[in-house]
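A quick write-up on the structure given underneath.
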Amino acid sequence: YLRDTYLPPLKEKKIHCLHIAPEAHLSEFLKAQPNIDYTAGDKRCAGYSYPDYVQDIDIMDMHDIPDASFDLIICNHVLEHVSNDIIAMKELRRILKNDGIAILQVPLALKLATTIDDPTITSPEQRFEKYGQRDHVRLYGRDYSERLKEAGLVVKELNIARQYSQKYGLNKHEHLFRCHKQRTIKKHMNNTPLFSVLIANYNNGRYLMDAVESVRTQSYSNWEIIIVDDGSSDNSFDVYKQLETDSRIHVFPNGVNKGCGYTKRRCAELASGILCGFLDADDVLLPNALKDHADSHMHHPEVSCVFSR
């Protein structure tokens, strides 16, 4: 997933990566990438040996690491070992950059609706009987993503088994937990909900700025634009450069052409707004479009979808 999906669109960007309890092969792959500034860490315990490049890091207390330090955090099969996983999740969130992602995998018992987390189970024998391993302190159930959300993370569950199961033998029922921070949106005095305008763009650079300007001139001011580029080869990236100074506009490249359905779905996944609406890259909005749609939702809260014709 990192090799084929995450890294290709970011090959020109310097990526600061934190890898907790690093897996040897994945570590070697990441260290070999020229644009990755790689940091590996683990909580050093007696009786274990660690490579020299692995720092002593306790994910429950990383006070010496500044806020928003890393673009990419990988922490696989660690949270089931720590005494307070919510504190650890909050620490990981704190050191993650606002536009960064964290991949946080744990052993999952999908037959369990809720996680078993019993502080009275302390002996290795009890833990083995209850959790399946002597040094585990909980057994995660299907509510794992809710625990991540409790720590302030936005969670996307990705099923990559269909793509990689034949080659790597992935469990088709186990998802990849890709997390990011909820983008901080300034509240307006009139408490209007954030409206995410979603633009899936493929080679519509000559029209794109008109589409964006039609959002910028809306009478409704609490909005963001999510643009996902589907492998454009025209002047679209020149337009994105012009938009970099506007913090309300977020551009995410697919890297390669994935198709309209995939790109629109990714737009929705990346949105932070309570309200979402698609705008074609070669189209424009009338000045009151967002206000009219937002008013319809606020006056009819039972309605899920509003459309115009």
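Sequential numbering from 1 along the given sequence is applied to the chain's residues. Reckoned from all heavy atoms, side chains included, excluding hydrogens, waters and symmetry mates.
Taking the charged nitrogens against the carboxylate oxygens, Arg147 and Glu150 have no contact shorter than 4.0 Å, which rules out a salt bridge. Between Asp230 and Lys258 no salt bridge is recorded (no basic side-chain N to carboxylate O distance below 4.0 Å). Look at Glu269 and Arg266 and you find no salt bridge, because none of the NZ, NE, NH1 or NH2 atoms lies under 4.0 Å from a carboxylate O. Look at Asp246 and Arg248 and you find a salt bridge, because one of the NZ, NE, NH1 or NH2 atoms lies within 4.0 Å of a carboxylate O, short of that distance.
Under the 4.5 Å side-chain criterion, counting only non-hydrogen atoms from C-beta, Met62 is not in contact with Asp58. Using a 4.5 Å heavy-atom threshold, the side chains of Asn201 and Asp229 count as touching. Looking at His81 and Val137, their side chains never come closer than 4.5 Å, going by heavy atoms from C-beta outward. Residues Val212 and Leu243 meet the side-chain proximity criterion, which asks for heavy atoms closer than 4.5 Å. The side-chain heavy atoms of Ile101 and Leu72, taken from C-beta on, include a pair separated by under 4.5 Å.
Cluster membership for Leu286 and Val306, using ILVMFWY side-chain heavy atoms within less than 4.5 angstrom, is not shared. Tyr202 and Val239 end up in different hydrophobic clusters when Ile, Leu, Val, Met, Phe, Trp and Tyr side chains are linked at under 4.5 Å. Using a 4.5 Å cut-off between side-chain heavy atoms of Ile, Leu, Val, Met, Phe, Trp and Tyr, with links allowed through other members, Ile65 and Met60 fall into the same hydrophobic cluster. Under the 4.5 Å side-chain heavy-atom criterion for ILVMFWY residues, no single connected hydrophobic cluster contains both Leu139 and Val78. Residues Leu104 and Leu110 share a single hydrophobic cluster, defined by chaining ILVMFWY side chains whose heavy atoms lie under 4.5 Å apart.
For the residue pair Asp4 / Tyr164, a side-chain donor-acceptor distance below 3.5 Å is found, with atom types taken as modelled. Neither side chain, Thr115 nor Asp117, offers a donor N or O lying under 3.5 Å from an acceptor on the other. Checked by atom type, the side-chain pair Asp143/Thr114 shows no donor-acceptor distance below 3.5 Å. A donor and an acceptor atom, one from each side chain of Asp135 and Gln133, are located under 3.5 Å apart. For the residue pair Tyr1 and Arg178, a side-chain donor N or O sits within less than 3.5 Å of a side-chain acceptor on the partner. Side-chain polar atoms of His173 and Asn171 form no donor-acceptor pair below 3.5 angstrom.
The closest donor-acceptor contact from the side chain of Asn254 to the backbone of Gly231 lies at 3.5 Å or more, if one exists at all. Under a 3.5 Å cut-off, the side chain of Thr5 and the backbone N or O of Leu2 do not form any donor-acceptor pair. Side-chain N or O atoms of Gln126 include one that pairs as donor or acceptor with a backbone N or O of Thr122 at under 3.5 Å. Side-chain atoms of His180 never come within 3.5 Å of backbone atoms of Asp99 as a donor-acceptor pair (strictly under, hydrogens ignored). The backbone N or O of Glu23 lies less than 3.5 Å from no partner atom in the side chain of Ser27, so there is not a single donor-acceptor pair.
Heavy-atom minimum distance, Ala88 versus Val82: CB-CG2, 4.2 Å. Residues Cys276 and Leu198 come closest through the heavy atom pair CB-CD1, 4.0 Å. Pairing each heavy atom of Ala68 with each of Lys97, the nearest pair is O-CG, 3.4 Å.
Environment of CD in Glu157: crowded, with over 12 heavy atoms of neighbouring residues, nucleotides or ligands closer than 6.0 Å. By the 6.0 Å contact criterion, CG on Asp52 is open, its count of non-hydrogen atoms from other residues, nucleotides or ligands being 12 or less. Around atom NZ of Lys31, more than 12 heavy atoms belonging to other residues, nucleotides or ligands sit under 6.0 Å away.
Considering Ile103, Leu153, Leu96 in turn, Leu153 is the only one that fulfils the side-chain contact (heavy atoms from CB on, under 4.5 Å) rule with Cys179.
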Practice problem: Go through the steps to decide whether Asp71 and Lys13 satisfy the test salt bridge (charged side-chain N to carboxylate O under 4.0 Å, His left out), and finish with yes or no. | Solution: CA-CA 10 Å; Asp71 303 283; Lys13 178 184 177 182; 3.6 Å; yes
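Residue Asp282 holds its CG atom at 12.0 Å from CG of Asn203, rounded to the nearest 0.5 Å. Atom CG of residue Leu79 and atom CD1 of residue Ile59 lie 5.0 Å apart, to the nearest 0.5 angstrom.
Taking the ring axis of Tyr48 as reference, the NZ or CZ atom of Lys43 does not stay both within 45° of it and closer than 6.0 Å to the ring centre. Both tests hold for Lys264 against Phe278: distance to the six-membered ring centre under 6.0 Å, angle to the ring axis within 45°.
The distance between the ring centers of Phe177 and Tyr144 falls below 6.0 angstrom.
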